[in-house]
Amino acid sequence: MRVRTRRWVAVALAAAALGAATACSTGDAVSGAKPTELRLAIGGEAEDGYDPTLGWGRYGNPLFQSTLLTRDADLKITNDLATGYSVSPDGLVWTVDIRSDATFSDGKPVTPGDVAYTFNTAATSGGLTDVTVLDQAVAVDEDTVELRLREPRSTFVNRLVSLGIVPEHAHGPGYARDPVGSGPFVLEQWDEGQQLIVRRNDDYYGGKPAFERVVFVFTDEDASLAAARSGQVDVAALPSALASTEMPGMTLHAIESVDNRGITFPYQPATGRTNADGEPIGDPVTSDVAVRRAINLAIDRQALVDGVLDGHGRPATGPVDGLPWYDPSTAVTGTDPDAAARLLDEAGWRDTDGDGVRERDGVRAEFTLLYLASDSLRQGLALAVADMLKPIGVAVTAKGESWEVIETRMHADAVLFGWGSHDPTEMYNLYHSGQAGIELYNPGYYGDPEVDAALDAGMAATDPAEATAHWKEAQRHFGPAADAAWAWLVNLDHTYFVDSCLDVGQEQVEPHGHGWPITWNITGWRWTC
């Protein structure tokens, strides 16, 4: 009863916010003019605010700020605030030329000094945008900045794509809730937990948005569905399980993504070891490579796509499927529970007491699989995987928990995570032994010297082709037929209902769902009727 009450409260709050937004555009509807306000229910808010030096915008489109570079619809890197850049032969100095016609929303010009300040601040802030390889950013003249690195870093170009530039003169403790930037929008009102209202920045140097205001309404799945059905929002992000819902006046957009879901396994044996916080590390079952490989063989990924995702996605074979640095030769294709059973037999895991669960040396082939309790998609995947592993004699208990609980157990229990980025740094973070136990990276404490060497070489390469070769080499060692530190399950389609009269332009292969990825080209959205 309490859950139902919370949901109806959420619906009521959303309706109130949407009603206010609708009232603002009533005159447009009566007169027949195109609405000047866009209403979106496309995900949660940035609870920590809108400061890029702390991580806002790291998945793309910081709205209020400009980035030096950006990605087009084909994910190719193009200029934004920068007019061009070059990299020294040793990979240590990135020289960026800055456009001279950009101003912040308070009217002051964007300077190379602001760019240098942003990068230097992000490098020392401890935020979620990792710029720690930066030694120093220096404004060298009126339109040029040098970004000087401690060591070569092939992926540093992604920092130029993801780090929004903030004004040195207006950046401080309150900035995250009252941002000043040179992007296409300005924050007008933030009712935390309910809605964010932004208005068009008419001094923006780029393409002007067609809408005077955009209202982001923060709703759960139920409230988003209700808002879409009642015509109170123009775009609604809904899980794939709801994508078959009839929605008059709206069109379903199923956008391909690299937003994946996968299971990380505790890689270390259970020896009583704990981390610095006293959290346990290791598991006696998933620390066996035969078990991990068998699980990868037994999972029917296409069945997960068809059943749990209602067809809106693709089987996942690794963490970077379809990206330029992906090695398809490392994939497990199809499903083969018989081969999985043979692997377990050969490794000494046998069901000697006939209870349907294998044992070895007194240890039962069973483990807990944690997932975020509030995420219905992860719940469905976890339960389906548990069912798929029963026939091969592996017992999985799928258990929903909060992130607070998961973070204390993720080194000793398997966890169903979601990742997916346009940046290969994420692969480094998930598999390098140096990242073990850092935040949510490499939670299973996986480590392999050959993988570390390949990942280090990929990061240090100064030639993109050379870096790609190293990324692929790493996959051949950590992939599902080798160390199998993860069992990757599915790549999602991001499913949105969009007003049939709203043209959202060319769609981009989207990253993990944080940061409203559909809005990457919002400055080009237009009404068509």
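Because the structure is a prediction, the values reported are computed rather than measured.
If you run side-chain contact (heavy atoms from CB on, under 4.5 Å) between Ser162 and each of Leu68, Asp130, Thr129, Thr70, only Thr129 comes through. Under the side-chain contact (heavy atoms from CB on, under 4.5 Å) test applied with His432, the options Asp456, Asp448, Asn442 reduce to a single match, Asp456. The only option from Trp488, Trp403, Tyr371 that meets the ring pair (Phe, Tyr, Trp, His ring centres under 6.0 Å) definition with Phe417 turns out to be Trp403.
Checking side-chain atoms of Arg58 against main-chain N and O of Arg159 turns up no donor-acceptor pair under 3.5 Å. At least one donor-acceptor pair closer than 3.5 Å links the side chain of Asn521 to the backbone N or O of Gln506.
A donor and an acceptor atom, one from each side chain of Thr519 and Asn61, are located under 3.5 Å apart. Side-chain polar atoms of Gln65 and Trp56 form a donor-acceptor pair below 3.5 angstrom.
The pair Lys76-Asp74 does not meet the salt-bridge criterion, since no charged nitrogen lies less than 4.0 angstrom from a carboxylate oxygen. Using a 4.0 Å cut-off between charged nitrogen and carboxylate oxygen, Arg39 and Asp234 count as a salt-bridge pair. One finds no salt bridge joining Arg476 and Glu450 here, because no Lys/Arg side-chain nitrogen approaches an Asp/Glu carboxylate oxygen to under 4.0 Å.
In this structure, Phe156 and Val133 approach most closely via the heavy-atom pair CD1-CG1, 3.8 Å. Ser154 and Trp471 get closest at one heavy-atom pair: OG-CZ2, 3.9 Å.
Within the structure, every pair that satisfies the side-chain hydrogen bond (donor to acceptor under 3.5 Å, both in side chains) test and touches residues 102-119, not counting sequence neighbours, is listed here: Asp106-His169, Thr111-Asp114, Tyr117-His171.
Every residue two or more places apart in sequence or in another chain that forms a salt bridge (Lys or Arg N to Asp or Glu O under 4.0 Å) with Asp202 is listed here: Arg200.
A perpendicular orientation is assigned to the rings of Phe211 and Trp527, their planes being inclined by more than 60° (bins at 30° and 60°).
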Audit row: Phe478, Tyr431, ring-ring contact (aromatic ring centres under 6.0 Å, His included) steps and yes/no: CA-CA 8 Å; Phe478 68 59; Tyr431 285 98; 3.6 Å; yes
